[in-house]
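Given the structure is predicted, the values throughout are model-derived calculations rather than measurements. Only this structure's heavy atoms are used, side chains among them; waters, hydrogens and symmetry mates stay out.
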Number of protein chains: 2
Amino acid sequence: MSTDKREHIDKREHILTEAEKLFAEKGFDGTSVRDIAHNAGVNLAMISYYFGSKEKLLESLIELRAGYTIGILEELNKDESLSPWDKIERLVDYYVDKIITNLPFHNIMHQQSLNARSSEIKDLIMSIKLRNVEQVRKIFADGEQKGIFRKIDMEMTMGTIMGTISQYTISRDYGCRVLNIDRTHEETYRTELALRLKAHLKQLLRAHLGIK
Amino acid sequence: MSTDKREHIDKREHILTEAEKLFAEKGFDGTSVRDIAHNAGVNLAMISYYFGSKEKLLESLIELRAGYTIGILEELNKDESLSPWDKIERLVDYYVDKIITNLPFHNIMHQQSLNARSSEIKDLIMSIKLRNVEQVRKIFADGEQKGIFRKIDMEMTMGTIMGTISQYTISRDYGCRVLNIDRTHEETYRTELALRLKAHLKQLLRAHLGIK
DNA sequence: TTGAATTAAACAAACGTTTAATTAAATTTT
DNA sequence: AAAATTTAATTAAACGTTTGTTTAATTCAA
């Protein structure tokens, strides 16, 4: 029956979600397969049974989570009714929301960008990032060509967008201290951070790109 | 004699330098004490003998490397002959050079910001970052008060500076691909990256702060 | 009755750390 | 200055855990 198949998939996803939390909190190498099995409430051997290995589990997680970002960017690019600057504003909104609602996964991507030792995972992350970057570059190139954007270093500007968002999403403790946000409420922290990030990035990019 | 003392300290520093390379490449948890001992050419037991533990070794490394940053920032702040904008330009030059000439250490600080499990290290990194941030904030506040800088979100702007620099220093492979820099020569990569980062950040901040 | 899901137990390897013995250097005593 | 003594540096080996993965037996569902 289809319910069995569903249950099977749900269990796989459940393990991945628990692994995601642990990887984000303690790092990939700092998380043991026993940790994952215990937190997911499954037997130790099930991780090898489902995923083959700890590394393959991470690959499965990345493939699961990174799937649908590119679709949104492509759609955004296709939309002829939006001006390049509109697209940048939507891009900022989208990225900020996406990262802040997926903090654990973003954390994992970050740590793997730094220290991935498996070349499969390196390549996987690289291809995901490059595909996204390519879509963003198109928006900048279009705006520049149409004379709407001032001439800028596009690659560096993309780095500024992603880097700024990352800076305070990497460590909640640090973000709360510097931004003077209440440390205790996860929810208020996220909404406050999202608001400030969006406002700041739009103001920054507007000035940088020379939008009136 | 003093030479003996020197040799002793040199050996400690040698171990720290080798550990730094390994931590940066494979992560703290991905690096074994045997790795470090082997790369440094010392007996395994010497790491415990000198540092007490692997974690204490990391603390020693951070304390060694993070020592003198704050001094430069304080000096920069005291200098009355510089305008706030001059200070920002020097700040950018200083940070870019510092991070690019200390990529492995910066990598380690980054990964520990993400996933440090020892609260001693968490606190250590937090205090280092906060002290630096405080000095940078003073420059922005001074410029704003004097009416030289437009009113901006200071904390977010600091995040933009640090985040932009981090973005392409995290992964050389990624940086080379996006920025179209030759992957094979470490030296040209560093100088090219430093040049572009400085130019971009100054142009960006000039527009953002409303400097004519 | 067949195949998949689940389990407890075991596996060898790698881990951080400690031990006890030995060598080298520094200090004190002759 | 030489010998004796104390302290520090270095070593190989072992410690007990923990690691990721596998096995072989068992339960469950088709």
Side-chain angles (χ1 to χ4, degrees), chain A residues 1-16 18-23 25-62 108 111-112 115-121, chain B residues 1-16 18-23 25-62 108 111-112 115-121:
Chain A
M1 274 208 293
S2 77
T3 56
D4 299 317
K5 192 81 180 172
R6 269 267 310 291
E7 272 174 29
H8 177 266
I9 291 176
D10 284 355
K11 194 159 213 166
R12 253 186 73 104
E13 279 209 23
H14 175 63
I15 294 172
L16 287 177
E18 293 303 316
E20 185 179 42
K21 289 181 204 163
L22 289 167
F23 288 160
E25 194 190 321
K26 314 204 280 177
F28 178 75
D29 288 312
T31 302
S32 72
V33 180
R34 281 168 182 81
D35 269 344
I36 299 169
H38 179 257
N39 274 43
V42 301
N43 186 277
L44 170 63
M46 296 305 292
I47 273 93
S48 295
Y49 182 75
Y50 275 130
F51 303 99
S53 69
K54 188 186 173 188
E55 221 169 77
K56 289 271 183 61
L57 182 151
L58 176 58
E59 283 182 49
S60 298
L61 174 62
I62 293 174
I108 293 168
Q111 55 169 272
Q112 289 300 313
N115 302 120
R117 268 163 308 130
S118 141
S119 57
E120 281 83 11
I121 287 169
Chain B
M1 274 208 292
S2 76
T3 56
D4 300 315
K5 192 82 181 177
R6 268 266 310 291
E7 272 173 28
H8 177 268
I9 291 177
D10 283 356
K11 194 159 211 164
R12 254 186 73 105
E13 280 209 23
H14 176 61
I15 294 171
L16 288 177
E18 293 303 316
E20 185 179 42
K21 289 181 204 163
L22 289 167
F23 288 160
E25 194 189 321
K26 315 206 279 178
F28 178 75
D29 289 311
T31 302
S32 72
V33 180
R34 282 168 180 81
D35 269 344
I36 300 169
H38 179 257
N39 274 43
V42 301
N43 187 277
L44 169 63
M46 295 307 291
I47 272 94
S48 295
Y49 181 74
Y50 275 130
F51 304 99
S53 69
K54 187 186 173 187
E55 221 169 78
K56 291 269 183 63
L57 183 151
L58 176 57
E59 284 183 50
S60 299
L61 174 62
I62 294 175
I108 293 168
Q111 57 169 269
Q112 290 299 313
N115 302 120
R117 268 164 306 130
S118 141
S119 57
E120 280 83 11
I121 286 169

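Proximity of A:Lys11 to the phosphate of C:dT6: a side-chain N or O atom is located under 4.0 Å from OP1 or OP2. Between A:Tyr49 and C:dT6, a side-chain N or O to OP1/OP2 separation shorter than 4.0 Å is absent.
Within 4.0 Å (heavy atoms only), A:Ser32 reaches sugar-phosphate atoms of the nucleic acid but no base atom. Residue contacts for B:Ile47: at a heavy-atom cut-off of 4.0 Å it reaches no nucleic acid atom on any strand shown.
Following rounding to the nearest Å, A:Ile15 (CD1) and D:dG20 (C1') show an atom-to-atom distance of 15 Å. Atom-to-atom, CZ of A:Phe51 to P of D:dT22 comes out at 15 Å; the value is rounded to the nearest Å. As rounded to whole Å, 13 Å separates atom C1' of D:dT21 from atom CD of A:Glu55. To the nearest angstrom, P of D:dG20 lies 15 Å from NE2 of A:His38. B:Lys56 has its NZ atom 16 Å from the P atom of C:dG16, to the nearest Å. Taking atom CZ on B:Arg12 and atom C1' on D:dA8, their separation rounds to 15 Å, with Å as the unit. The nearest whole Å value for the distance from the NZ atom in A:Lys26 to the C1' atom in D:dT19 is 13 Å.
Closest approach to the B:Tyr50 side chain among C:dT17, D:dT22, D:dT10 is made by D:dT10 (side chain taken as heavy atoms from C-beta onward). Closest to the A:Leu44 side chain, of the nucleotides C:dT19, D:dT10, C:dA9, is C:dA9. Picking from C:dG16, C:dA10, D:dT10 the nucleotide with the shortest atom distance to the side chain of B:Arg34 gives C:dG16. The side chain of A:Met46 approaches C:dT6 more closely than any other nucleotide in the set C:dT6, D:dT23, D:dT10. Proximity note for B:Lys54 (side chain, C-beta onward) versus D:dA12, C:dT6, C:dT17: the nearest is C:dT17.
Side-chain atoms of A:Gln111 come within 3.5 Å of backbone atoms of A:Phe28 as a donor-acceptor pair (strictly under, hydrogens ignored).
Closest heavy-atom contact between A:Asn115 and B:Phe23: ND2-O, 3.9 Å. Closest of all the heavy-atom pairs between B:Ile15 and B:Ile36 is CG2-CG2, 4.0 Å. The shortest non-hydrogen separation linking B:Asn39 to B:Glu18 is O-OE1, 3.6 Å.
The residue among A:Asn43 and B:Asp35 whose nearest nucleotide of DNA chain C is located toward the 5' end is A:Asn43. Annotation: of the two residues near DNA chain D, A:Ser48 and A:Gly30, the 5′-most nearest-nucleotide partner is A:Gly30.
A:Glu59 and A:Lys56 are not joined by a salt bridge, as no carboxylate oxygen comes within less than 4.0 angstrom of a charged side-chain nitrogen.
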